[in-house]
Trainee: 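After the structure tokens below, expect a handful of questions from me.
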2 protein chains.
Amino acid sequence: MKAAPAKSRLGSRGRPEESRAAILQAAIQEFAREGVAGARTDAIARAAKVNKALLYYYFKDKETLYGAALDYAFSQLKDHMMQILDRDLPPGEKIRTYVATYFDFLADHKVNRDLVQREMMRAGHGSPHLQRIAKNYFQPLFLRLGQVIRTGIASGEFRPVDPLHFVPSMIALVVFYFTSAPVMKTVTGFDPLSPERVAERRAAVLDFISAALFRHEGERR
Amino acid sequence: MKAAPAKSRLGSRGRPEESRAAILQAAIQEFAREGVAGARTDAIARAAKVNKALLYYYFKDKETLYGAALDYAFSQLKDHMMQILDRDLPPGEKIRTYVATYFDFLADHKVNRDLVQREMMRAGHGSPHLQRIAKNYFQPLFLRLGQVIRTGIASGEFRPVDPLHFVPSMIALVVFYFTSAPVMKTVTGFDPLSPERVAERRAAVLDFISAALFRHEGERR
DNA sequence: ATAATCTAACTAACTGGTTAATTAACGGGA
DNA sequence: TCCCGTTAATTAACCAGTTAGTTAGATTAT
């Protein structure tokens with residue numbers, strides 16, 4: 001039995017949705033590994049098992065294809081994290097769960113984190129996707145996180161930190177470990193990405209953030 | 001009066017040391033801005049006001065020139081930070097001074113931080129410079145920082161953190177703010193790199209790290 | 001037939017790297 | 001002091017390979 005043609009209303013050889021998806025996935029891999037400048041359209045076509053001209057049939061040019069790859073990666077991340085923010089949890093638990101979930105997501109999605117990291121660097125030198133990415137994906141998460149923190153401060157659970165700095169700090173602690181893993185491997189000799197080390201790091205990050213966020217006994221309010 | 005030929009023992013047109021240095025500086029800028037793959041040797045030559053062939057006279061190829069740029073940037077950073085570690089200060093003060101100095105260095109050296117950040121990303125996909133960079137620049141700093149933290153823990157000044165995770169966490173907090181600045185600018189509307197915001201961040205980082213590092217009253221030892 | 005999907009082959013521009021020649025300072029011999 | 005060979009420093013012009021993007025047509029379900 002062959003795959004049902006679904007409702008693809010078209011008349012031609014292959015399955016167009018599949019071709020498009022294959023190109024997009026191949027592009028994500030290539031862009032994550034090589035960066036925009038280093039990525040080769042031929043390599044993407046080969047990986048997608050498709051003629052190179054088909055990239056330009058579905059996507060205007062390399063930059064547009066890169067933009068589509070970014071949208072895929074960022075929306076995947078945003079959807080995943082929004083789920084946590086929508087839960088009904090007290091501020092402290094919500095922040096801890098958010099951080100833990102974010103950490104696990106990055107640990108499991110190397111390609112995604114590489115792509116995001118690369119785009120962050122490119123943003124500094126005028127990426128044409130910065131505006132869209134920031135507004136559609138980062139801002140919603142950022143605003144929600146800020147609210148959670150303010151609530152926690154108001155209730156006295158948190159120290160009076162500035163969300164504008166605390167949120168990037170949380171993200172920094174989670175993200176940077178993976179970014180620096182190759183260097184750390186050479187420096188320390190251990191593999192920072194082994195399951196044991198990752199679990200260790202997860203705990204360390206949660207400890208670090210908790211120590212900096214929660215109010216301690218005897219501290220002035 | 002023309003510039004003294006110094007002791008340049010050579011017989012030719014220009015000043016060779018100057019040409020080499022101009023190439024290296026131009027290369028640093030270009031590599032920081034565009035990455036290795038995106039950097040153009042023609043652009044480097046133009047910026048250095050030198051014929052492109054001269055790049056290959058002084059440096060074997062693009063990759064070697066990139067390696068020289070890395071060595072320049074990393075050793076500058078290392079020398080700067082080692083000064084702090086060599087000071088005679090109690091652990092708590094030393095860590096705070098280290099973080100503050102590191103922060104100020106990155107704030108003042110955009111090119112340096114871009115280059116370092118880019119190489120960290122590349123390290124994950126087999127940079128031929130990773131070994132040298134890690135051993136020569138990161139490892140010495142990392143080991144020294146670890147010692148300081150262990151001393152602080154032993155004296156009871158610090159919480160019993162794991163230096164293997166605490167050091168990367170400190171670095172993360174300092175570095176990530178600059179990496180994420182362009183995105184944050186779009187998200188928040190403010191310019192995170194304005195002097196006021198940078199000063200604010202500096203304080204927030206020190207607060208965050210202090211809260212996570214120092215022992216609090218009534219905490220179990 | 002028609003229109004959507006797909007491809008082989010091509011091109012124009014670019015890119016890292018090379019070559020052969022040119023220039024200028026130095027040292028030494030007459 | 002003047003001439004000249006040597007050698008380091010520098011460049012104009014070039015080349016071969018690569019790259020993003022195009023074109024003209026083929027294939028096939030409806």
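Everything numeric here is computed off the predicted structure, so don't read it as measured data. Below, read A as the first sequence line, B as the second, and so on, with proteins coming before strands; counting in each chain starts at 1.
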Trainee: For the base of dG16(C), is there a side-chain donor-acceptor partner from K52(B) under 3.5 Å away?
Mentor: yes

Trainee: For the CE atom of M170(B) and the CZ atom of F103(B), what is their distance to the nearest 0.5 Å?
Mentor: 14.0 Å

Trainee: Out of dA20(D), dT11(D), dG16(C), which nucleotide sits closest to the side chain of T41(B)?
Mentor: dG16(C)

Trainee: Given atom CG of L65(A) and atom P of dT19(D), what is their separation to the nearest angstrom?
Mentor: 16 Å

Trainee: Within this structure, what is the CZ-CG distance for the pair R144(A) and D86(A), rounded to the nearest 0.5 Å?
Mentor: 5.0 Å

Trainee: Any side-chain N or O of S19(B) under 4.0 Å from OP1/OP2 of dA9(D)?
Mentor: no

Trainee: Are Y57(B) and dT18(C) close enough that a side-chain N or O sits under 4.0 Å from OP1 or OP2?
Mentor: no

Trainee: Expressed as a whole number of angstroms, how long is the span from D42(B):CG to dT11(D):C1'?
Mentor: 14 Å

Trainee: Looking just at side-chain N and O atoms, do T64(B) and D61(B) make a donor-acceptor pair shorter than 3.5 Å?
Mentor: yes

Trainee: Quick check on dA12(D): is either OP1 or OP2 less than 4.0 Å from any side-chain nitrogen or oxygen of N51(B)?
Mentor: yes

Trainee: Flag the pair R46(A) and D42(A) as a salt bridge only when some basic side-chain nitrogen lies within less than 4.0 angstrom of an acidic carboxylate oxygen.
Mentor: no

Trainee: Using only side-chain N and O atoms of R40(B), determine if any of them is under 4.0 Å from OP1 or OP2 of dC14(C).
Mentor: no

Trainee: Once you apply a heavy-atom cut-off of 4.0 Å, does A37(A) come out as touching a base, just sugar-phosphate, or nothing?
Mentor: nothing

Trainee: Please give, in whole Å, the distance from dG17(C) P to I44(B) CD1?
Mentor: 10 Å

Trainee: Rounded to whole angstrom units, what separation is found between the CD atom of E30(B) and the C1' atom of dG16(C)?
Mentor: 13 Å

Trainee: How close or far is atom P of dT18(D) from atom NZ of K62(A), stated in whole angstroms?
Mentor: 16 Å

Trainee: Side chain of D61(B), heavy atoms from C-beta onward: which of dT10(D), dG17(C), dA12(D) has the nearest atom to it?
Mentor: dG17(C)

Trainee: Would you call E63(A) and R122(A) a salt bridge, using N to O less than 4.0 angstrom?
Mentor: yes

Trainee: Separation of L54(A) atom CG from dG21(D) atom P, in whole Å?
Mentor: 15 Å

Trainee: Nearest whole angstrom, please: distance from the C1' of dT11(D) to the NZ of K49(B).
Mentor: 17 Å

Trainee: Which nucleotide wins on minimum distance to the side chain of Y56(B), given the candidates dT10(D), dA12(D), dG16(C)?
Mentor: dG16(C)

Trainee: Taking atom C1' of dG17(C) as reference, at what distance in whole Å does atom OH of Y66(B) sit?
Mentor: 20 Å

Trainee: Just call it for A39(B): base, sugar-phosphate, or nothing, with non-hydrogen atoms closer than 4.0 Å on any strand.
Mentor: sugar-phosphate

Trainee: Contact class for F59(A) vs. all strands (heavy atom < 4.0 Å): base, sugar-phosphate, or nothing?
Mentor: nothing

